[in-house]
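Scroll down for the structure; my scribbles are underneath it.
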Number of protein chains: 2
Amino acid sequence: MTEGAKGLAKGKVYIVGAGPGDPELLTVRARRIIEGASVVVHDALVSSAVLSMVREGALIIDAGKRRGKHRMEQDEINDLLVRLASEGKDIVRLKGGDPFVFGRGAEEALHLRRAGIEFEVIPGLSSALAGPSLSLLPLTVRGVSDRILIMSARGAEGAAVSWDCLNVSGQTIVFMMGISSAAEISSGLISRGMRPETPAAIILNASLGTQRVIVTDLLNLGKSCAEAGDDAAGLIVVGETVNYMTRLADGS
Amino acid sequence: MTEGAKGLAKGKVYIVGAGPGDPELLTVRARRIIEGASVVVHDALVSSAVLSMVREGALIIDAGKRRGKHRMEQDEINDLLVRLASEGKDIVRLKGGDPFVFGRGAEEALHLRRAGIEFEVIPGLSSALAGPSLSLLPLTVRGVSDRILIMSARGAEGAAVSWDCLNVSGQTIVFMMGISSAAEISSGLISRGMRPETPAAIILNASLGTQRVIVTDLLNLGKSCAEAGDDAAGLIVVGETVNYMTRLADGS
């Protein structure tokens, strides 16, 4: 019995987390899979340094999506993966960070399952946690913060941010993709009772040679982000543990 | 001019995230540092598979701490790191998951900074995110959940869990180190208005050959965990995205 188009055995899709950008921060398994790939379908957030690990002659398809300038709709990507796998090709579906953390990995995986395509998920370092660690910004500190809230600065499909329960004592908030929404985050949190002096950090290009970290406070967050320049994958961290960046730098 | 004890140059401490347990899920950089280490000081949550990457003849010190049976107090660990580095040794301080996510990495780093010891943090996959990904449990799904709350099932120093703002629509909660507190989590969340039918998952030994995932609901969480057996590093995930595990398994 044969399967798939033209009687070929179907290929397998490896849904791989590419981490924050530095190829040294790929997992050992992800690195090996990427280096061995003959077909790679990647997002916009995958760094060029990671893509340079793909061997010469491999087919590399940029399915990158950025806000406001979609290159390929999600449905098209789903169909592309099924079509390539149905041709018998093993595919590396490469996503920035971790595929199941704001990566729509579950949507693609569900589509593959329904099409009878085998897949495997290889986790990657989400910048939500790795970006702060690389910046010496601890998200938890005993007696200061014992909760980490990770959220997108934009709701799904461009919906408004959910402001419920953001002003919680002992909670550090990590906003992903938040640089361009910084002023809204600032005013939204302050209007819901968070102190304007609450420390905040902006992390751009985490793990790359161009990594920048800016320490500010909630009141000045919008201005600081405007000065910092945009990075679609930039992070904003709000909470008292941001003070530990300074302490770790000078020992205070 | 000489530095440190006996005029030796001080060593450097690499504070390295060991990830969830599978050595294939170490970062490339962590793997290289571990393989090259001559002194390793590790936590209880570091897997034996990761420790087997350390070369023969290296000094391996188990500073593992588990609840209720502390092997080495935090102060002792801090002093040990300073003493070893002051002897001129480079040290790998190996911590389960990511060192800055519930890892007390910041406390150790601050102690090192104050002692004038150079250090570097190498992030690792936190089981809080990687465990669900490896279990095909997406923590975010468009239109279902756009917030991830990571918290410890025990407060700092054994303090009570903070129950503020846990029952939030569109939020997935990941409780770390929560298996033995499952009954308390169940009753705590239900008494604060969360539906008893809210889906929940228990993830044990994430990434290892012994990985187990149990799907249950909030009402039965305590019983399910009691039956599952303890794993100090086990995870409990509560939220609607747990339903996607089933959907990803059967395509529904």
Side-chain angles (χ1 to χ4, degrees), chain A residues 17 19 22-29 31-32 98-107 109-110 113-114 121-126 128-130 132-134 136-143 146-152 155-157 162 164-165 168-171 241 244 247-251, chain B residues 17 19 22-29 31-32 98-107 109-110 113-114 121-126 128-130 132-134 136-143 146-152 155-157 162 164-165 168-171 241 244 247-251:
Chain A
D22 180 353
E24 291 282 291
L25 297 180
L26 289 167
T27 67
V28 172
R29 181 154 169 69
R31 176 86 165 242
R32 189 180 304 120
D98 183 279
F100 269 25
V101 176
F102 295 103
R104 299 197 183 174
E107 291 177 48
L110 185 57
R113 176 69 77 215
R114 288 174 175 164
V121 174
I122 292 99
L125 286 182
S126 170
L129 301 183
S133 288
L134 289 164
L136 298 184
L137 195 176
L139 296 176
T140 64
V141 174
R142 277 197 292 173
D146 56 8
R147 293 164 65 146
I148 303 167
L149 179 63
I150 301 171
M151 58 189 291
S152 169
E157 312 283 14
S162 154
D164 290 347
C165 285
V168 176
S169 169
Q171 177 169 276
T241 64
Y244 274 74
R247 300 185 64 185
L248 283 170
D250 65 13
Chain B
D22 179 354
E24 290 283 291
L25 297 179
L26 289 167
T27 66
V28 172
R29 180 154 169 71
R31 176 85 164 243
R32 188 179 305 121
D98 183 279
F100 269 24
V101 176
F102 295 104
R104 298 197 183 175
E107 292 178 47
L110 185 56
R113 176 70 76 216
R114 288 174 176 163
V121 174
I122 291 100
L125 285 182
S126 171
L129 301 183
S133 287
L134 289 164
L136 298 185
L137 196 177
L139 296 175
T140 64
V141 174
R142 276 197 293 172
D146 56 7
R147 292 164 65 145
I148 304 167
L149 179 63
I150 302 171
M151 57 188 292
S152 170
E157 312 283 13
S162 154
D164 290 347
C165 284
V168 176
S169 170
Q171 177 169 277
T241 64
Y244 274 75
R247 300 185 65 186
L248 283 170
D250 65 14

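Keep in mind that the numbers below use all heavy atoms, side chains included, and drop hydrogens, waters and symmetry copies. Residue numbering restarts at 1 for every chain, and letters A, B, ... go by the order of the sequence lines.
The two atoms that bring Leu129(A) and Leu139(A) nearest to each other are CD2-CD1, 3.6 Å, heavy atoms only. Across Pro138(A) and Thr241(A), no two heavy atoms sit closer than the pair O-OG1, 2.8 Å. For the residue pair Phe102(A) and Ser152(A), the shortest heavy atom distance occurs at CZ-N, 3.6 Å. Shortest non-hydrogen contact noted between Ala128(B) and Ile150(B) is CB-CG2, 3.8 Å.
Pro23(B) touches chain A through its backbone: at least one of N, CA, C or O sits under 4.5 Å from a heavy atom, while the side chain does not. Proximity to chain A is limited to the side chain of Asp98(B), based on heavy atoms less than 4.5 angstrom apart. For Arg31(A), the part lying near chain B is the side chain, with the backbone staying farther off; criterion is any non-hydrogen pair under 4.5 Å. Contact of Asp250(A) with chain B is made through the backbone alone, with heavy-atom distances under 4.5 Å. Heavy atoms of Val101(B) lying under 4.5 Å from chain A belong to its backbone as well as its side chain.
For Arg29(B), the salt bridge (Lys or Arg N to Asp or Glu O under 4.0 Å) criterion is met by Glu120(B), not counting sequence neighbours.
Annotation: maximal heavy-atom pairing with chain A below 4.5 Å, among Leu137(B), Leu125(B), Val121(B), Leu134(B), occurs at Leu125(B).
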